[in-house]
Each structure stands twice: as structure tokens, then as C-alpha cells.
2 protein chains.
Amino acid sequence: MTAGDEGVGVETCQNPDHEAARDLIHSATAADALVTIVGRCTVDYAGRAASTLGPGERLVVLKPDGTALVHTDEGYQPVSWHSPGGTHDADVIDDRLRVESHRESAGERLLVEFETLLDVSAYGLTDDRNPSVDGTEADLRDRVLNDPESIESGFTPLATERQTPAGAVDIFGEDAVGRAVVVELKRRRAGPEAVGQLGRYVEATRRDLHANRTVRGILVAPSVTDRARRLLAERGLEFVALTPVGTESG
Amino acid sequence: MTAGDEGVGVETCQNPDHEAARDLIHSATAADALVTIVGRCTVDYAGRAASTLGPGERLVVLKPDGTALVHTDEGYQPVSWHSPGGTHDADVIDDRLRVESHRESAGERLLVEFETLLDVSAYGLTDDRNPSVDGTEADLRDRVLNDPESIESGFTPLATERQTPAGAVDIFGEDAVGRAVVVELKRRRAGPEAVGQLGRYVEATRRDLHANRTVRGILVAPSVTDRARRLLAERGLEFVALTPVGTESG
DNA sequence: TTGTGGATGTCGCCG
DNA sequence: CGGCGACGTCCACAA
């Protein structure tokens with residue numbers, strides 16, 4: 001595999017010796033390939049925090065963009081990792097493969113040291129990256145904009161992402177009587193932070209507008225927790241139940 | 001590899017035909033092994049939302065706990081996934097491997113359909129899961145408890161995780177003059193939500209205590225954003241700069 | 001099961 | 001580059 005070759009390529013080594021693994025990682029990294037390493041290893045991370053992992057068998061993924069992931073046989077989350085943007089390196093010290101990812105700008109470093117190697121593989125992957133997702137907050141926003149009556153009769157959206165000193169209001173509009181309305185959207189059941197957000201935006205909007213202008217705040221979400229409902233009541237805010245299109249039952 | 005065998009085991013197939021891949025996935029899943037599949041595939045997810053991915057070359061990881069991860073050659077995040085708790089299945093339809101993860105209780109389903117297979121491997125992994133992390137919010141809390149003067153002279157912690165109707169207060173205590181103090185901790189630079197949280201806890205604590213008791217609110221974090229600082233001032237709350245032990249420079 | 005908030009969150013957008 | 005909030009967030013812990 002030559003550098004710049006983005007086509008399909010695979011190189012696999014089972015139970016490789018550590019120097020063969022190092023060489024494979026070197027050439028794969030140079031060719032912008034994705035590398036997987038399976039073996040017994042220890043892990044050390046230092047950066048935004050510090051973490052260590054004792055010996056265990058794990059799957060390590062090195063991506064050409066600098067991402068490093070250390071996965072065990074459980075969980076969605078990697079047990080340790082390095083974010084994109086850094087560089088990978090591999091060497092052998094005391095007959096042991098050491099894989100290191102670092103990003104100087106963030107002062108981060110991830111070190112994986114292998115006792116045992118079960119498998120090392122390199123893959124040249126290409127992906128068009130054309131994801132599509134439905135049921136997001138943007139879908140909920142579009143639903144409200146396409147049918148403002150779903151909020152309440154006479155509601156008129158005037159702006160989305162309206163800037164205030166406290167942040168951007170999801171939907172800003174007017175009710176049937178001409179009062180200002182601040183709408184905060186949540187794609188799923190809303191908790192206390194959502195109320196906090198809405199409250200901040202309402203306060204900021206009151207300051208922005210004429211002092212005597214009424215500003216209503218409406219939280220729009222599929223549902224709210226009890227605590228959130230209480231907080232809404234305390235602050236004179238309102239709630240409208242609405243789900244993003246496509247997530248509703250039926 | 002027999003069911004219940006948790007020891008080290010590896011089975012690898014390069015450029016397998018789709019039925020061989022299916023068989024390997026079946027036996028690996030039955031043996032609680034971790035499976036990696038590399039190939040060109042499409043992905044469909046339906047559950048909390050809905051997402052689709054067009055054809056692309058990706059790394060798919062199936063874990064024995066029901067986790068499924070679809071990784072491209074970029075990014076920390078899987079481009080699609082299935083959370084732990086479900087089950088994996090594999091079959092061949094129209095000469096194409098289809099891998100499906102589903103969790104009925106959550107109404108979630110992830111379907112990966114392969115056009116091309118570069119590699120299928122299974123690994124029996126064992127991990128002690130003895131992670132250690134430093135520099136967390138818990139470390140910041142311990143730092144304050146071990147040296148209350150780091151907040152201010154005369155500060156006395158009385159409780160951690162003190163319950164209020166608005167949630168749990170990180171540290172509750174008294175200042176040198178006997179006023180109640182509510183402390184909210186953040187391990188990194190704090191933004192508006194942190195102020196909102198602190199404000200809620202202070203309000204709830206004021207209601208809990210005698211009406212005439214003064215309650216101070218202190219945000220403890222390495223730093224705050226401008227907006228957060230303004231919000232603190234508006235609500236009469238305070239800020240003390242402090243980092244979790246071990247993250248500080250020097 | 002649900003609620004709540006932390007996380008080495010990551011990621012995208014916008015100033 | 002930093003601030004800010006969404007995310008199919010995940011996750012641990014408590015009620």
C-alpha cells in the first residue's frame with residue numbers, strides 16, 4: 001500500500017511478534033489506513049485528566065485522523081481514548097509494542113503498552129459520509145414552523161436562533177394578542193436544565209424589549225419531568241407537549 | 001471455542017464469503033466473543049430517532065453485551081451504533097451478510113447490510129476493569145474538603161450531596177460568620193448552565209432554611225466564561241477559582 | 001424504571 | 001480559537 005492510495009487495502013497479522021506489528025502500524029499510518037490491534041495491554045492517559053488501566057485484553061483502533069480508541073468487550077464508550085487531531089506512533093521497547101497518540105496543542109498523550117498481541121490489522125477505508133438522521137431537534141423546529149398552531153392558536157413565529165445576551169432563542173414569535181413568545185425546543189423529555197435555559201432566554205428577552213412588553217416562555221418537548229414542571233410553574237413559564245416528526249407512536 | 005470459554009481465542013477470516021462470515025459471527029456471538037467486521041455496507045437505525053447511511057467502507061464492532069459500533073476512518077464517535085443490552089443476529093439474504101442488533105424493550109434496531117467483506121474476526125477478550133481516573137469533579141470536591149480554606153478563610157463544609165427539592169448540593173457549609181454556603185463544583189471552565197444549577201440550589205436552600213437565614217452561593221471551577229460571570233453577578237452569586245488536584249500546571 | 005447531573009464527554013455552529 | 005448548546009449523547013447512582 002503506497003501513500004495516497006485510498007483504495008481498499010487489507011493487511012492482517014495474527015499473533016504477530018511485536019516488531020512486525022510495529023512495522024505494520026508504521027506503514028499503515030503512513031498510508032492513512034485504519035489500524036486495529038487486539039491484545040493484552042496497559043493504558044495510560046494524561047491530558048485534560050489522567051487515567052490508567054491495568055493489564056487487560058482490549059481492542060485498540062487507530063484512525064488516520066489521529067483518533068485512538070481502546071475498547072473492552074463491554075459498553076458503548078471506549079475505556080480510554082484520544083480525540084482526533086493528534087498523531088500516532090509505534091515502537092518496540094523491551095520487546096513490547098508501545099503505541100502512543102499525542103496532541104501537543106492540547107497537552108494530551110495516550111500510551112498503550114502491549115504484553116501480548118493477538119492480531120494487528122490495517123484497512124484502507126473510504127466513506128462518502130452522507131449520514132441522514134430524523135427525529136432531531138431540527139425536525140421538531142420544522143414541525144412547529146410548518147404548523148405554528150401546534151403550539152397554540154394564533155402563534156406566529158418571527159425568527160429562529162434569535163440572539164440574546166443569554167444565548168440564541170430556538171423560536172421567537174408572537175401570540176394571538178401580540179405578546180412576545182420565547183420557545184425552547186427539546187427533542188425528548190425535558191428536565192431542569194431545559195427550564196433553566198428557557199428562563200435565561202426569557203429574562204434576556206425581557207431586558208432586550210421595551211420594559212413593559214410581556215414576554216412568555218414556552219418549553220416544547222414530548223414531556224417534562226416533575227421537577228421541571230415545578231420549576232416552570234415557579235417561574236411562570238409554560239409547557240406544550242410535542243414530539244419531533246417521526247418519533248411519535250403510530 | 002465453546003460457549004463459556006472466556007479465555008483468549010481468535011478467529012479471523014479475510015475476504016470471507018458472506019455465509020462463512022455469518023457462521024463465524026454466530027459461533028462468536030454464542031461464545032460471548034467480540035466480533036469485528038470490515039467491509040462496504042449500508043446502515044439503518046430506527047429507535048429513539050431514525051438514521052440511514054449510504055454505502056461506505058466501515059469497521060463494525062459487535063460486543064457480547066449487545067453493543068454495536070459502526071466506525072468510519074474519522075472521528076471519535078461511531079457513525080452509527082446500538083447501545084448495550086440488546087442482541088446481535090446475522091444472516092445472509094440475497095448473498096449479502098446482514099447484521100442486526102435489536103433491543104425490543106427500547107424499540108431499537110440497527111441493521112448493517114454488507115456489499116463487500118474485507119475481514120471478519122472474533123476475539124475472546126477478558127478485562128479486569130480496574131480503571132483509575134484523576135482530575136474529576138470528585139477530586140475537586142476532595143480538595144475542597146481537605147482544605148476548606150481554599151474556598152475562603154473560615155469556610156466549614158457540613159455536608160456533600162445535600163438534598164434539596166431542586167437537586168443535590170455538591171458541598172453545603174457555613175462561612176466564618178455562620179451564613180449558609182452552597183457550593184457548586186465544576187472540573188473545568190464553567191458556563192451558564194453551572195450558574196443556573198447553582199442558582200436553583202441556592203433558591204431551594206433558602207426555602208428550606210429559616211426565611212431570614214442568608215444563603216450564599218459559590219461556583220468553584222478553574223474559570224468561568226464571561227456570560228457565566230455576568231449571570232453570577234445578576235443573581236448575587238460568587239466564584240472561586242480552583243482546579244481539580246493533578247490538572248494544575250506545574 | 002425513571003430522574004438527575006457528570007463526562008478526559010464529542011461535535012457542529014457561530015462569533 | 002473560545003463560547004455555547006445538541007446529542008439517537010452514554011453512564012453511574014439514587015429514589
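Computed from heavy atoms alone, side chains included, the values below leave out hydrogens, waters and symmetry copies. Keep in mind that this is a model prediction, so the values were computed, not measured. Numbers restart at 1 for each chain; the letters A, B, ... are given by sequence-line order, proteins then strands.
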Respond yes when some side-chain nitrogen or oxygen of A:Arg227 is under 4.0 Å from OP1 or OP2 of C:dT4, and no when none is.
yes

Atom-to-atom span, CG of A:Asp226 to C1' of C:dG3 - whole angstrom
9 Å

What is the separation between atom CG on B:Leu219 and atom P on C:dG5, rounded to the nearest whole Å?
15 Å

Taking atom types as modelled, is there a side-chain donor on A:Asp208 or A:Thr205 under 3.5 Å from an acceptor on the other?
no

From CZ of B:Arg103 across to C1' of C:dT1 the rounded distance in Å is 13 Å

Using a 4.0 Å heavy-atom cut-off across all strands, classify B:Arg200 as base, sugar-phosphate, or nothing.
sugar-phosphate

What is the minimum heavy-atom distance between A:Leu125 and B:Asp73, and which atoms define it?
O-OD2, 3.4 Å

Give A:Ala194 one of three labels, base, sugar-phosphate or nothing, depending on what nucleic acid heavy atoms sit under 4.0 Å from its own.
nothing

Which parts of nucleotides 8-15 of chain C does protein reach within less than 4.0 Å, heavy atoms only, written one letter per nucleotide 5' to 3' as B for base, S for sugar-phosphate only and - for none?
BSSS----

Would you measure the distance from the C1' atom in C:dG5 across to the matching atom in C:dG9 and give it in whole Å?
13 Å

Side-chain donor-acceptor pairs of residues 219-236 of chain A under 3.5 Å, sequence neighbours excluded:
from	atom 1	to	atom 2	distance (Å)
A:Ser223	OG	A:Arg189	NH1	3.0
A:Thr225	OG1	A:Ala228	N	3.2
A:Arg227	NH1	B:Pro165	O	3.0
A:Glu234	OE1	B:Arg207	NH2	3.4

Quick check for you: name the first and last nucleotides of DNA chain D, 5' to 3', having an atom under 4.0 Å from a heavy atom of chain A.
D:dG5 to D:dC11

Consider side chain to side chain donor-acceptor pair (under 3.5 Å). Of A:His82, A:Lys63, A:Arg109, A:His88, which one does A:Ser101 pass it with?
A:His88

Check whether any side-chain nitrogen or oxygen of A:Thr225 sits under 4.0 Å from OP1 or OP2 of C:dT2, and answer yes or no.
no

Assess whether a salt bridge exists between A:Arg206 and A:Glu203, defined as any Lys/Arg side-chain N lying under 4.0 Å from an Asp/Glu carboxylate O.
yes

Taking C:dT4 as the reference, what is the distance to C:dT8 when you measure between their P atoms (whole Å, please)?
23 Å

4.5 Å side-chain heavy-atom contact, B:Arg58 and B:Leu53
yes

Whole-Å distance separating the CD atom of A:Glu193 from the P atom of C:dG6
9 Å

For D:dG8 and D:dC4, measure between their P atoms and round to the nearest Å.
23 Å

Name every donor-acceptor pair, under 3.5 Å, that has one atom in a side chain of residues 35-45 of chain B and the other anywhere in the protein, sequence neighbours excluded.
from	atom 1	to	atom 2	distance (Å)
B:Arg40	NE	B:Glu115	OE1	3.2
B:Tyr45	OH	B:Arg48	N	2.8
B:Tyr45	OH	B:Glu108	OE2	2.6

Sorted by chain and residue number, the ring-ring contact (aromatic ring centres under 6.0 Å, His included) partners of B:Tyr76 (sequence neighbours excluded) come out as A:Trp81

Under the salt bridge (Lys or Arg N to Asp or Glu O under 4.0 Å) rule, what pairs show up with a residue in residues 160-171 of chain B, not counting sequence neighbours?
none

Checking all strands, does B:Ala190 fall into the base, sugar-phosphate, or nothing category for heavy-atom contacts under 4.0 angstrom?
nothing

